Amino acid sequence: MSRRCFFGVDGLDQIIPQGMDYGTQILVSGDTGVGKTVLAGQFLLEGLLCGDTCIYVACDEPPAVMRRHLRDYKVGVMAYENAEQLILVDAYEEEESSEKYFIANQYSLEKYAVMERLLLQRFAGRRLRLVVDSLSTLLIPFTQEEILEFHRNRLKFLRKSGVLTMDIMVDGVLDQRLMTIAGHLYNVTVRMKFGVFEGRPDRMIQVGKVKSGKFDAVPRRFGISPVFGIIIYAADMEV
Amino acid sequence: MNNTAELYQRIINFIYLSLSETIAKIPFGGKYLLEEVTRKVGEHILQENENKYPPGSKRPVDICTAYLKAIGAADPLQIGAIELQAEGMDVLITMTQENCIYRYYCEEAVKNGLIFCCPRLGALQSVLANTLGTTYSTEMELFDQKTGKCKGRLFPIKRRLRSEMVHSSGNTLTLAGERAILFTRDVYISLLAAIRDYAPFILKKVLFEAGYRSCLPLAEEALAFYNTAEEALDVCFEELKNCGQGRLELVSLDKKAGHAVIRCYQSFEVDAVKGIKLYRTPRVSCDLLRGELSACLSVILGCQMVCMEMKCAAMEGDYCEFHAYSEEEEKI
Ligand SMILES: [Zn+2]
C-alpha cells in the first residue's frame, strides 16, 4: 500500500512530482463556480483508472449531477457503479433518497461521522478515495467548537485508515477564522479563485503543502476544457 | 502397395506436416496459406484431368462426385472411402481413415495442435471454386476413434479475414490490397512517448479515438457479413488478434440490456508500456483496444456503447477486462 497518488490534472501533478500518500487529506477551497467540482471529477476519474474505490458524497446537489458530469467527460459511470468501484452518496436530499447510498438527516455532525465511517468500513481493504462536495455545507449549522472537534476526529480516522480525502469548501460559507484553523489540519491545500489577468476575467489555482511547505505555492492560471477538464496554462503561454 | 509407392506417400505426408509446422510460425494468414497450397494442388490435378471431368450439374455435391470419379483409378466413392452429402450449398464429407493416404499427416497435425487443412478437402474446395466461381472454405471435425471416420464440410465463404491477406510485393507491404506498415514496439512507444511529452492529458483520448475510428470499417464489414452479433464480434476479435492486439474473449453479451463483458489476454498495450513511464502511477492502459472494442460493439449492437477497462494486466492479473454499457442505458 505504499503507492503514490495524484490529482489527475496534469499541470497540478507536475507540481508534486513525488505524488501524495494514500491517507493524505486535501482541502480544496474556492469561489462558487470556479471549477471545484470539475477538479473533483478528475480526481475521481484518476482514482478509477488506478483501481481505487472512489466515494463521492454529494451535499450541494443530488449525486445525479456528478453522474452526468462524469458522463460528459466520457466516463462509463454505470460500469464503475455496478462494479462498486464508484460510490455516489446522496447527502443532499434531507429525507427520502432514491440513491442506493445516502446519508440522510445530517442534523448531527456525530451522526454524519458515524455514517461516513460505516460506509468506509464497508470497503475496507481497498484503496479508497473520498470526496465530500462540499463539506462547508454540512458544517453550516454548527458552532466552531463542534466543527473543530468533528474535524479533528474525522481527519485522524481518515489518515489512519489510509483514505485519500478531498474535502471541498466553498468560500464565504464559513467564518474565515474557522477556515484558517480548519485548513491547518490538512496536508495539502488547493485554492481556486477568480481573478483578473490583463484586464480579462481569469481563473487561478494554487497548490500548497501545509506542513513542510515543499510545494511551490505559485498561483497558476487555468481554464476548463469540456473535453479535458482543468488545463493549467504553462508559464510560457502567458503572452 | 509396393515400397516405392509407400515411400512417396510418406514423403507427401511429411511435406504437408512440415508445411503445417512452418506456417505455425508465420504471423499472418497461416491458415490462408495452407489452404492456398492444398487448393493449388487440387487445381493442378483438376487441370490434368479436365477432359475426364464434365460435371453436368451445378449442384456442389454433384460437382464433387464428378471430380472424384474422374481422378480415381479406384473410385473412392465406389469402395466406400468417401461419402458425400448435400446441405444447401454446403457439402458434407465423411471419409474412412483407413483408406486415407493423408492419414499420417492428419493424425500428427491434430496431435500437435497444428493448423491443419485436409488435402482431400482442399482439392474439392478448388474444384467448387473453379466450377461455381464462388470461394469455398473447409472445416474438419476431428477423427472419431470409434467409427474410424473423419467428417468435413465445404461451405461458401462469407468474408475472408483482412489480416490473413498480407502480401509483400517488391518494396511494399499490403494488407487486403491496401498499403500497410508493420510497427515495431519501438516505433509504437516512441509515438506515445512523444505525445506524453507534449500533451500528456490527450494521450488516453488520442489512443481511444484512434482505436475507435480505425475499427469502424472492420465492424461494419463484420456486421454486413454475419447474422448474429456473436459471430460478427468473433470475426472482429479474430482480426484484432491477427493484428497482434492479443486474444479476445466475449465473457457475456446481453443485447437487450446493451451490456457486454470482454476479456483480453496478452494485450499488446500491456507489453508495450512495460519499461516506459507513460503514466505517473500504474493504471489501466489499453485505450487503443478500448476504442476498438467500443467501435465493434457500437456498430454490431446498433447503439452507442460506452466501454471501460475495469481490470488491466498492466496492474495485476493475466488479463484485461472491459465492461460496456449502452449510452441509452447510461442516461437513465
Ligand atoms: Zn489492459
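Because only heavy atoms are used, hydrogens play no part in the values below, and waters and symmetry mates are left out as well, while side chains stay in. Lettering of chains follows the sequences in order, A, B, ..., and the numbering in each one begins at 1. From a predicted model like this one, the values you see are computed outputs, not experimental measurements.
Between Glu316(B) and Lys311(B) there is no salt bridge, since none of the side-chain N atoms of the basic residue sits less than 4.0 Å from a carboxylate O of the acidic one.
Of the listed residues (Gly76(A), Ser225(A), Gly8(A), Gly11(A)), the greatest number of heavy-atom pairs within a distance under 4.5 Å of chain B belongs to Gly76(A). In terms of non-hydrogen atom pairs under 4.5 Å with chain A, the most contact-rich of His259(B), Arg280(B), Met315(B) is Arg280(B). When each of Lys74(A), Arg68(A), Gln14(A), Glu81(A) is scored by its heavy-atom pairs under 4.5 Å with chain B, the top score falls to Gln14(A).
At a 4.5 Å heavy-atom cutoff, the contact between Ile231(A) and chain B is made by side-chain atoms alone. Residue Val75(A) touches chain B through both its backbone and its side chain, counting heavy-atom pairs closer than 4.5 Å. When heavy atoms are compared at a cutoff of 4.5 Å, Phe201(B) approaches chain A by way of both its backbone and its side chain.
Legend: side-chain hydrogen bond (donor to acceptor under 3.5 Å, both in side chains) pairs involving residues 264-276 of chain B, not counting sequence neighbours, sorted by first then second residue: Asp271(B)-Lys274(B). Among pairs with a residue in residues 176-192 of chain B, none fulfils side-chain hydrogen bond (donor to acceptor under 3.5 Å, both in side chains), at least two apart in sequence or across chains.
Of the possible donor and acceptor atoms, one in the side chain of Gln42(A) sits under 3.5 Å from a partner among the backbone N and O of Ile230(A).
The cationic group of Arg263(B) does not satisfy the cation-pi geometry with Phe322(B), failing either the under 6.0 Å distance to the six-membered ring centre or the 45° limit from the ring axis.
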